[in-house]
There are 2 protein chains.
Amino acid sequence: MAVGIRDVARAAGVSPATVSRVLSGTPVDPAMRDAVLKAVETTGYRPNLAARRLRSRHTNTIGLIVADIRNPFFTAVSRTIEDMANRQGMRIILCNTDEDPAKEEAYLGLMEEERVTGVILAPARSTRKRPPRDFPTVLIDRTIPGEVFDCVVLDNISMADALVQHLVQRGHRRIAGLFGAESNTGRERRIGFEEAAARLGIAATSHAVPHADGEAAQVLHGILAGADRPDAIVASNGVMLLTVLRELRVLGLRVPGDIALAGFDNNDWMEFVGDGLTVIEQPVDEIGRTAMTMLAERIAHPENPARKVVLQGRLIVRGSSAAVDAAADMEAQSR
Amino acid sequence: MAVGIRDVARAAGVSPATVSRVLSGTPVDPAMRDAVLKAVETTGYRPNLAARRLRSRHTNTIGLIVADIRNPFFTAVSRTIEDMANRQGMRIILCNTDEDPAKEEAYLGLMEEERVTGVILAPARSTRKRPPRDFPTVLIDRTIPGEVFDCVVLDNISMADALVQHLVQRGHRRIAGLFGAESNTGRERRIGFEEAAARLGIAATSHAVPHADGEAAQVLHGILAGADRPDAIVASNGVMLLTVLRELRVLGLRVPGDIALAGFDNNDWMEFVGDGLTVIEQPVDEIGRTAMTMLAERIAHPENPARKVVLQGRLIVRGSSAAVDAAADMEAQSR
DNA sequence: TTTAGCTGAGAAAACGTTTTCTCAGTTCAG
DNA sequence: CTGAACTGAGAAAACGTTTTCTCAGCTAAA
């Protein structure tokens with residue numbers, strides 16, 4: 001029933017080894033080559049990848065482990081990675097951890113059983129220590145505290161700083177920042193936020209927002225309904241930004257009329273809420289490409305020291321006074 | 001170096017076959033069982049999935065082929081599918097076709113080489129004929145014209161109808177519909193749109209919008225800048241909806257003040273643009289679950305006739321007059 | 001007690017490739 | 001012209017499992 005390499009060999013009048021050689025590009029007598037290719041055609045032969053992987057000991061498979069593919073940041077990075085992998089004849093196995101270290105652990109174990117060529121991992125928030133594995137790994141989005149690892153991350157401190165700077169430039173003086181406390185990403189953004197506020201001498205307060213959605217709204221309610229309401233909010237990630245929007249609507253506050261709002265991660269709809277949301281856009285494409293490249297280099301040179309690549313994001317200014325800001329920027333620069 | 005099943009067998013003082021039996025749950029003497037499990041522990045044994053797949057002839061892998069994982073509809077469905085698959089000990093291979101039939105074809109070929117257990121496929125727009133494959137397949141989102149196949153799709157006609165009905169109920173009388181002409185999904189939604197308009201006796205015009213983004217904007221411009229501008233627009237999918245929003249902003253038209261806008265596919269940000277966008281929400285979770293279930297049934301009963309499952313969406317009414325509508329609905333129902 | 005049937009575990013085959021080994025036929029230097 | 005080195009393709013081994021085969025030791029029926 002199923003046609004194997006020996007059937008092709010028989011049809012072409014050669015040995016299975018020769019068929020294998022033709023298929024893998026090893027130089028072979030042209031006449032034989034043609035006969036084999038024709039036999040492949042007529043028999044409808046399809047190589048069995050499981051057998052190939054078992055014998056050849058490379059799987060051409062990379063594992064991609066993220067918290068949740070529905071997070072647009074991960075979606076975008078995944079897409080770039082899948083594209084690159086496909087072009088290199090590689091397969092992607094996609095895994096969602098839901099920020100659960102146990103699930104992450106289970107998937108990493110699975111990757112070992114798959115004998116993957118490598119793994120690109122966005123660690124769960126609370127991952128503390130990465131047990132050494134048998135495969136090369138590149139971290140994206142987050143690092144693991146105290147561990148030196150190949151990773152490609154955003155320059156969170158600078159980007160948060162840029163956001164504050166922008167808001168101050170727009171005239172805001174009472175800025176509240178909402179940050180996740182459990183990931184290094186959230187912590188770094190908070191540092192950048194606080195440093196910028198201190199440097200610019202404004203009254204900014206940063207808050208650690210619990211991950212549970214209900215609690216986040218509660219914290220937020222306290223901030224917004226309090227005595228001196230901030231005139232601008234910085235949200236540390238996409239989920240938080242939506243939570244803020246929801247709470248603002250509950251309180252009947254308009255953006256940007258009553259309060260300004262800025263955040264991280266750009267999405268195609270952001271130009272349409274209010275007068276447009278100002279955000280830091282992550283270089284998702286570059287992150288994906290860099291991760292794949294680093295993985296390839298790690299595979300080629302297992303003994304090289306770990307590298308940390310820190311990429312810059314892009315401030316996307318939106319809103320009614322965008323033109324004004326641009327003018328101010330130019331003026332500032334010409335000085 | 002690498003520890004195999006024979007190493008475990010040696011450590012446990014049993015034969016490799018027994019180790020295999022323990023691991024696969026075949027009943028085995030409890031004492032031996034414990035010895036094997038301990039040996040697995042101490043040796044750090046990890047089964048080699050390639051070998052297991054080769055010998056056992058099932059891969060526990062399902063292929064998931066979509067146009068673009070960045071489309072939130074596919075993202076959501078993928079997530080559900082990955083979850084279910086994981087729970088059943090199955091792996092997912094993710095493929096993006098970019099609506100390119102050649103890429104789709106290549107990926108289907110790849111799935112054969114992987115000897116996948118089955119495939120869940122969202123056909124490319126222009127896929128006309130599906131060559132028979134060696135694996136069970138379930139289609140999602142779109143069908144293939146003239147082919148009878150297991151598939152799970154939205155009741156596009158009814159849903160488009162519901163959208164028109166809703167807009168008319170809100171007092172709109174000149175509705176323009178924008179539909180993709182190349183997919184059966186777009187065509188069905190157009191039919192529902194036109195049927196509803198005819199039945200309700202309103203002046204609705206439906207347009208086939210080319211896929212290329214530039215052209216779409218151009219067509220749209222013609223519609224919106226024309227003599228009698230429609231008072232409501234129905235966008236057949238998420239991409240088109242964003243194109244409309246963009247064009248409306250270019251023309252300085254406000255939603256819903258100057259013109260109403262409704263569409264397909266619900267997203268978490270839609271409550272924040274204008275007074276909220278009214279859409280048909282697809283039952284993404286149910287689509288994913290159904291697809292997986294159908295795949296399992298197809299595998300169990302290869303000879304059963306193909307089934308087409310048509311699911312209903314949910315009309316999510318948003319916007320300033322939502323309360324008014326709800327009242328109107330209740331009144332209508334009490335009659 | 002004898003023996004037919006059953007049970008459970010080890011031995012060996014099998015899965016479909018790639019890779020190593022081998023060897024006949026060539027080439028080329030001395 | 002001889003023989004050493006090379007070339008290219010077939011034969012056979014190997015990859016790490018699961019499954020089939022086999023057989024010793026039991027159980028239970030006659």
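Just so it is clear, the values below take in all heavy atoms, side chains as well, and ignore hydrogens, waters and symmetry mates. A, B, ... follow the sequence lines: proteins, then strands. Residue 1 opens every chain.
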Out of [options], which has the shortest distance to the side chain of [X]?
| X | options | result |
| --- | --- | --- |
| Asn48(A) | dG16(D), dA11(D), dT17(C) | dT17(C) |
| Ala17(B) | dT17(D), dA12(C), dT17(C) | dA12(C) |
| Ser20(A) | dT19(C), dG16(D), dT18(D) | dT19(C) |

Distance check needed: [N] [atom2] versus [X] [atom1], whole Å only.
| X | N | atom1 | atom2 | value |
| --- | --- | --- | --- | --- |
| Asn60(B) | dT18(D) | CG | P | 12 Å |
| Arg46(B) | dT17(D) | CZ | P | 12 Å |
| Arg10(A) | dA11(D) | CZ | P | 13 Å |
| Leu54(B) | dA13(C) | CG | P | 17 Å |
| His58(A) | dT17(C) | NE2 | C1' | 13 Å |
| Arg53(B) | dT18(D) | CZ | P | 12 Å |
| Arg6(A) | dG10(D) | CZ | P | 14 Å |
| Leu49(A) | dC15(C) | CG | C1' | 15 Å |

>> What I'd like to find out is whether the side chain of Gln282(A) reaches to under 4.5 Å of the side chain of Ile287(A), using heavy atoms alone.
In response: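 Yes, side chains in contact.
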> Which angle, to the nearest 10 degrees, lies between the helix axes at the two ends of the helix from dT1(C)-dA30(D) to dG30(C)-dC1(D), each defined by five pairs?
Replying inline: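 Between the first-five-pair axis and the last-five-pair axis there is 50°.
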>> Need one value for Ser56(A): base, sugar-phosphate or nothing, where a base atom within 4.0 Å counts as base even if backbone is also close, heavy atoms only.
In response: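 Sugar-phosphate, backbone atoms only, no base.
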Kindly write out the residues that satisfy salt bridge (Lys or Arg N to Asp or Glu O under 4.0 Å) with [X], not counting sequence neighbours, or none if the list is empty.
| X | value |
| --- | --- |
| Glu297(A) | Arg307(A) |
| Arg142(A) | Glu99(A) |
| Asp68(A) | Arg70(A), Arg79(B) |
| Glu105(A) | Arg133(A) |

In chain order, what residues pass the side chain to side chain donor-acceptor pair (under 3.5 Å) check against [X], with sequence neighbours excluded?
| X | result |
| --- | --- |
| Tyr107(A) | Glu82(B), Asn86(B) |
| Asn156(A) | Glu188(A), Arg189(A) |
| Ser15(A) | Thr18(A) |

> Has the side chain of Arg55(A) got a donor or acceptor atom sitting under 3.5 Å from an opposite partner on the base of dT17(C)?
Replying inline: no
> Is there a donor and acceptor pair closer than 3.5 Å between the side chain of Arg52(B) and the base of dT17(D)?
Replying inline: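 No, the side chain and the base share no sub-3.5 Å donor-acceptor pair.
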>> Using the side chain to side chain contact (heavy atoms under 4.5 Å, CB included) criterion, which residues pair with Thr143(A)? Sequence neighbours excluded.
In response: Cys151(A), Val153(A), Asn184(A), Lys308(A)
>> Can you pull out the residues from residues 21-41 of chain A that lie within a 4.0 Å heavy-atom distance of DNA chain C?
In response: Arg21(A)
>> Whether Arg57(A) contacts dG16(D) is assessed here as follows: a side-chain N or O lying under 4.0 Å from the phosphate OP1 or OP2. Is that the case?
In response: yes
Provide a list of protein-nucleic acid N or O atom pairs under 3.5 angstrom, restricted to nucleotides 26-28 of chain D.
none

>> I need the full list of salt bridge (Lys or Arg N to Asp or Glu O under 4.0 Å) pairs touching residues 23-37 of chain B, with sequence neighbours left out, sorted by first then second residue.
In response: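 Pairs touching residues 23-37 of chain B that pass the test: none.
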> Are the charged groups of Glu114(A) and Arg53(B) less than 4.0 angstrom apart, N to O?
Replying inline: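 Salt bridge between Glu114(A) and Arg53(B), a charged N being under 4.0 Å from a carboxylate O: yes.
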> Any ion pair linking Arg125(B) and Glu104(B) (charged N to carboxylate O, less than 4.0 Å)?
Replying inline: no
